[in-house]
Amino acid sequence: MKTLHIEKLMKERLSSGACGNALSVYKNGEKLYEVYMGKTFSGGNKAVDENTLFRIYSMTKVIVAAAAMMLFERGEFLLTDPISKFLPEFENPMVCHHTFEGKPYLEPAKNSLTIESLLSMTSGIVSGGESYASRKFTEAMIKVNEETNGNPTLKDKVMAMGSLPLAFEPGTRWRYGAGLNVIGRLVEVISGKKLGEFLSDEIFIPLGMKETAFFREKSVLDERLCALYEEREDEDGVFDRTVKRDAPFYAGNRFEDPSGGLTSTLSDCMKFADALCCGRLMHPRTVEIMNTNRLNENALSDFGKCAQNLSGYGFGLGVRTMMEPGLSGSLSSVGEFGWFGMAGSYMLMDPKTGLSVVYMEQVIPNFGWNFPHPRLRNAVYSTFLQE
């Protein structure tokens, strides 16, 4: 009975585009609650369950950031190190400026392009958008795809990024972009392993995450992947099933995307979230470094404008981090951290309470007034905080 309001919110999502969803809540390593609702596709008869796979998209960034922080606490690098120390293609970065008339021109960066700036998304490396730097990024990615017959590696893409102009001086602003791709490549260079191999050896296998991977056979995805629904461009509130985004997940691809390439189950993602929250994946002090806000006033303003429903949060190293719960309207603690994926996956870790939350759905877009995560967050806290 205590969880009725949580289930009410989840059922609401089943009438808002999602065919199915799932939620797990742990506290200090103990499962408090887990629920699966709906079907793997609308009109189907296969229920969402513990075997259902989800595209976790940008939640991948949290796992890759954690992998980097594991290397950090082993003394492999300092956050203040320039990335060119490990990836020489990023030596002598150029920053894009504009004349009064709006014409772009380039000047050498005054600030170092550090590992910290890449993890905190203050590097100036941007991807989507219409700015000069964004257009150059798009052009470079098209070129590298052509040069690799449409099947580049992470190394190929990051090498192409090395000569691109930055949108601003590193460390001065915040912009969501492809900085975590560079961090993924950093993990490869330091470890001498492919990113997926390192994640498997150091995170997935030790935590028993047997269902988390970059690529799978198409037959497995056809059988187990929860359907993705996308809103029609010309009809608000009407969602159609789409498979056009699924090609990057198929076996045979080579690009292990650090920014959004993993598929996983609810249980696997909770194994990661709980281990990170409770200090079993890395030392609690390393977690504290990870979830400490890194944004100055200007960057915080950028973050607030770009990230809906994140009032009161700042950004740490690959994760949002709670700074002012009152301003956020959140029942969580200062230092609560995590991230989400564009199709509705959501991860929350609160070291002060030991509470971890993972939610899954597969709907694009996943923002706006009906954004489920803040309401689910508060419903979970009000239900389980005293457990």
Side-chain angles (χ1 to χ4, degrees), residues 5-6 9-10 12-13 23 25-27 56-59 61-62 65-66 69 116-117 119-123 171-177 179-180 269 273-274 276-278 284-342 344-359 361 365-387:
H5 49 298
I6 295 175
L9 290 172
M10 292 182 64
E12 177 185 300
R13 297 301 300 162
L23 176 74
V25 182
Y26 271 55
K27 186 175 182 182
I56 68 170
Y57 285 123
S58 286
M59 258 171 38
K61 292 179 173 73
V62 184
M69 294 307 292
E116 177 181 346
S117 70
L119 281 163
S120 62
M121 298 195 186
T122 60
S123 65
T172 63
R173 310 301 296 261
W174 186 91
R175 187 80 59 81
Y176 204 57
L180 264 293
C269 283
D274 180 63
L276 185 56
C277 179
C278 298
R285 290 185 180 178
T286 307
V287 175
E288 186 176 353
I289 291 171
M290 189 175 180
N291 73 344
T292 296
N293 175 60
R294 301 282 166 168
L295 307 187
N296 61 25
E297 186 175 345
N298 286 334
L300 271 175
S301 177
D302 294 334
F303 180 65
K305 292 173 184 176
C306 293
Q308 297 184 56
N309 298 288
L310 288 176
S311 296
Y313 284 94
F315 202 80
L317 301 177
V319 294
R320 67 171 190 275
T321 184
M322 178 61 73
M323 297 173 65
E324 300 182 61
L327 179 61
S328 176
S330 173
L331 300 180
S332 60
S333 311
V334 172
E336 172 257 296
F337 69 103
W339 200 237
F340 45 82
M342 71 172 178
S345 56
Y346 176 76
M347 183 181 292
L348 175 156
M349 288 78 75
D350 189 338
K352 290 187 178 178
T353 63
L355 202 66
S356 298
V357 181
V358 176
Y359 172 74
E361 67 175 46
N366 201 268
F367 306 101
W369 74 270
N370 204 28
F371 192 51
H373 303 157
R375 293 179 295 142
L376 272 173
R377 175 197 62 201
N378 285 350
V380 167
Y381 269 89
S382 66
T383 301
F384 296 109
L385 194 57
Q386 301 304 318
E387 292 285 336

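Keep in mind it's a predicted model, so treat the numbers as computed, not measured. Along the sequence shown, residues are numbered consecutively beginning with 1.
- Across all their heavy atoms, Ser117 and Gly171 have their closest contact at CB-N, 4.4 Å.
- Closest approach of Cys278 and Gly354 over heavy atoms only: SG-O, 4.4 Å.
- In this structure, a donor-acceptor pair under 3.5 Å is present between the side chains of Ser333 and Asp350.
- Nearest heavy atom pair, residue Gly318 against residue Ala65, reads CA-CB, 4.0 Å.
- Contact record, Arg320 with Phe303: CB-CZ, 4.4 Å, taken as the closest heavy-atom pair.
- Taking CD1 of Ile6 as the start and CZ of Phe384 as the end, the distance is 4.5 Å to the nearest 0.5 Å.
- Applying the side chain to side chain contact (heavy atoms under 4.5 Å, CB included) criterion to Glu324, with sequence neighbours excluded, gives Leu327.
- Ser345 contributes a side-chain N or O that, together with a main-chain N or O of Ile56, makes up a donor-acceptor pair within less than 3.5 Å.
- Under the 4.5 Å side-chain criterion, counting only non-hydrogen atoms from C-beta, Leu310 is not in contact with Phe315.
- Nearest heavy atoms, Arg377 versus Gly329: NH2-O, 3.6 Å.
- Looking at Met349 and Met290, their side chains never come closer than 4.5 Å, going by heavy atoms from C-beta outward.
- Between Ala273 and Met347 the shortest heavy-atom distance is CB-CG, 4.0 Å.
- Shown are Lys61, Arg173, Arg175; of these, the side-chain contact (heavy atoms from CB on, under 4.5 Å) with Met121 is made only by Lys61.
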Checklist entry - Leu376 and Met10: side-chain contact (heavy atoms from CB on, under 4.5 Å), yes or no, with the steps? => result CA-CA 8 Å; Leu376 272 173; Met10 292 182 64; 4.1 Å; yes

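- At least one side-chain heavy atom of His5 sits less than 4.5 Å from a side-chain heavy atom of Thr383.
- In this structure, CE in Met323 is found 14.0 Å from OG in Ser330, a value given to the nearest 0.5 Å.
- Within the 4.5 Å cutoff, side-chain heavy atoms of Val380 are placed close to those of Leu23.
- Counting only heavy atoms from C-beta outward, the side chains of Asn366 and Arg13 approach each other to under 4.5 Å.
- The CD1 atom of Ile289 lies 8.5 Å from the CG atom of Leu317; values are rounded to the nearest 0.5 Å.
- Side-chain contact of Glu361 with Tyr346: a donor-acceptor pair under 3.5 Å is absent, judged by distance alone.
- Judged by distance alone, with hydrogens and angles left aside, the side-chain atoms of Ser120 form no donor-acceptor pair with the main-chain N or O of Gly316 at under 3.5 Å.
- The shortest distance between side-chain heavy atoms of Val334 and Pro325 falls below 4.5 Å.
- For the pair His373 (side chain) and Gly344 (backbone), a donor-acceptor distance under 3.5 Å is present.
- Counting only residues at least two apart or on different chains, the side chain to side chain donor-acceptor pair (under 3.5 Å) pairs with a member in residues 291-300 are Glu116-Arg294.
- Formation of a donor-acceptor pair under 3.5 Å by the Trp174 side chain with backbone atoms of Gly304 is not found in this model.
- Between Glu336 and Leu355, the closest side-chain pair of non-hydrogen atoms is not below 4.5 Å.
- Inter-residue side-chain proximity for Asn309 and Phe340 is flagged as unmet; no heavy-atom pair is nearer than 4.5 Å.
- Under a 3.5 Å cut-off, the side chain of Asp302 and the backbone N or O of Leu295 do not form any donor-acceptor pair.
- Here Trp339 and Tyr57 keep their ring centres 6.0 angstrom or further from each other.
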